[in-house]
2 protein chains.
Amino acid sequence: MKSYGQYCALARGLDVIGDRWTLLIVRELLAGPCRYSELLEGLPGIATNLLADRLRGLEKHGVVARDAQGRYQLTAWGQGLAEPVHAIARWAAPLMAAPPGDNAFRSSWLALPVAVIFDGTDPGRPPLTIEVRTGDTPLTIESRHGQVRVVPGPAMSPDLVLTGPPDGIIGVLMGALDQASAVSRGVTTHGDLRQLARLRKPPGSVRHR
Amino acid sequence: MKSYGQYCALARGLDVIGDRWTLLIVRELLAGPCRYSELLEGLPGIATNLLADRLRGLEKHGVVARDAQGRYQLTAWGQGLAEPVHAIARWAAPLMAAPPGDNAFRSSWLALPVAVIFDGTDPGRPPLTIEVRTGDTPLTIESRHGQVRVVPGPAMSPDLVLTGPPDGIIGVLMGALDQASAVSRGVTTHGDLRQLARLRKPPGSVRHR
DNA sequence: CTGCATCCGGGCCGATACTG
DNA sequence: CAGTATCGGCCCGGATGCAG
């Protein structure tokens, strides 16, 4: 992309990450190192040459590097994009109220709303294991040591199991849907939904970065 | 722009603000309502039809609205873009170490680094008035009631006056340049630079949103 | 003068085919 | 598996036109 040619941090930042698809590539890499084919799989709709172009650009700018196995991973500076990405996702949360329609979905993308909803470290947050069955593959949300993280695959002995379409799952995780609304959205639950509320941050609490 | 077609908050957000120039238009509007011609002036390099296109798109999506005088302004939702914009600017701060070269610059763009450096409300922050003479027009940084804001135009009786090129000014505001380095960067100061340090946030302090 | 619309050349995007 | 090559089409950028 052509540079904006402006001496402004926003413009110079967008010179690096403003290209189409670039931040979505970063979203994939925020989950950990990825092979080229994994990126293609996680970015339905991208053309292969564009993915190669973007990765070259990100590597040139020092956002992405190759590891020993040739996988792509974020540099320390690239990891810093978690905050802009979360900020955009938080701002765009109202857009998720519209149903997926024919939009593509990968269950790994749930890591983003989970990071936004269960942000930061909270010593008072209880441990909990949630298995989520939606999209292409099951996934586990784990609350441990006051932090919430997402790992691929099913859980061994989950406290809560959520099954259903992605919009319903996100509504339940956000706390926007109660048990009855969740059912009407096609979400079936095994376990007590109220455990989720204890994972969310109380409003006005201190943010840890 | 074509939609990414993904059920993901980041992708859906970028469907709205991911187009080229869009976030720079938002940057301008974060300073307050703007006429079309003011936007053109603050966005050197943009084509007039693109500005019109982007404004239409932002209006359609509910990010921007017209006020009684026909000026463009952010909606309540659009104001929420301050956080993503600040997050990108914070991430891109290292890119500002490279000198402006032939990049364009507007002194009003200093509002962004000022918002990032002197973020939030801090009751312990002393009142202070700084006049900055750089770029196209002078501008005043005011610390009042624990908050720091930028207003156009010179100050009546500033505690500190900074004159010089934009990269030097930003270095001084960040605290990256001491008095001697500032001079070597072409910045002349009237007043005590140490007053600036009292405006910056102590690391690890609580963030208020 | 403000606030756009139109036109057009060039470059980027998107889909497919192909290769080491 | 991990990209490169190619090509049509759309979007971007710059100049110009024009209505209120």
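To find a chain, count down the sequence lines: A is the first, B the second, and so on, and within it residues start at 1.
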Choosing from [options], which nucleotide comes nearest the side chain of [X]?
X     : options               : answer
B:A47 : D:dT6, D:dG14, C:dA17 : D:dG14
B:N49 : D:dA2, C:dG3, D:dG14  : D:dG14
A:L50 : D:dT4, C:dC4, C:dG14  : C:dG14
B:R20 : D:dA2, D:dC12, D:dG14 : D:dC12

Kindly say if [X] contacts the phosphate of [N], meaning a side-chain N or O under 4.0 Å from OP1 or OP2.
X     : N      : answer
A:Y72 : D:dG3  : yes
A:R35 : D:dA2  : yes
B:T48 : C:dC4  : no
B:R54 : D:dC12 : yes

Over how many whole Å does the gap from [X] atom [atom1] to [N] atom [atom2] extend?
X     : N      : atom1 : atom2 : result
A:L51 : C:dG14 : CG    : C1'   : 13 Å
A:E59 : D:dA2  : CD    : C1'   : 14 Å
B:D53 : C:dC4  : CG    : C1'   : 10 Å
B:L39 : C:dC1  : CG    : P     : 19 Å
A:Q6  : D:dG13 : CD    : C1'   : 15 Å
A:I25 : D:dG3  : CD1   : C1'   : 14 Å
B:I46 : C:dA5  : CD1   : P     : 14 Å
B:E41 : C:dC4  : CD    : P     : 17 Å

### Task
Have a look at A:D19 and say if it touches a base, only the backbone sugar-phosphate, or nothing, with a 4.0 Å heavy-atom cut-off.
sugar-phosphate
### Task
Please work out if B:R71 contacts a base, only the sugar-phosphate, or nothing of the nucleic acid, heavy-atom cut-off 4.0 Å.
nothing
### Query
Would you call A:R200 and A:F118 a side-chain contact if the rule is heavy atoms closer than 4.5 Å?
yes
Check whether [X] reaches the backbone of [Y] with its side chain - one donor and one acceptor, N or O, closer than 3.5 Å.
X      : Y      : result
A:S107 : A:L139 : no
A:T121 : A:Q147 : no
A:Y7   : A:R12  : no

### Summary
Contacts of A:G45 and A:K2 projected onto DNA chain C by closest heavy atom; the upstream (5') one is A:K2
### Task
First locate atom CZ of B:R35, then atom CG of B:L40, and finally report the distance between them rounded to the nearest 0.5 Å.
13.0 Å
### Query
Between B:W21 and A:Y36, who's closer to the 5' end of DNA chain D by nearest nucleotide?
A:Y36
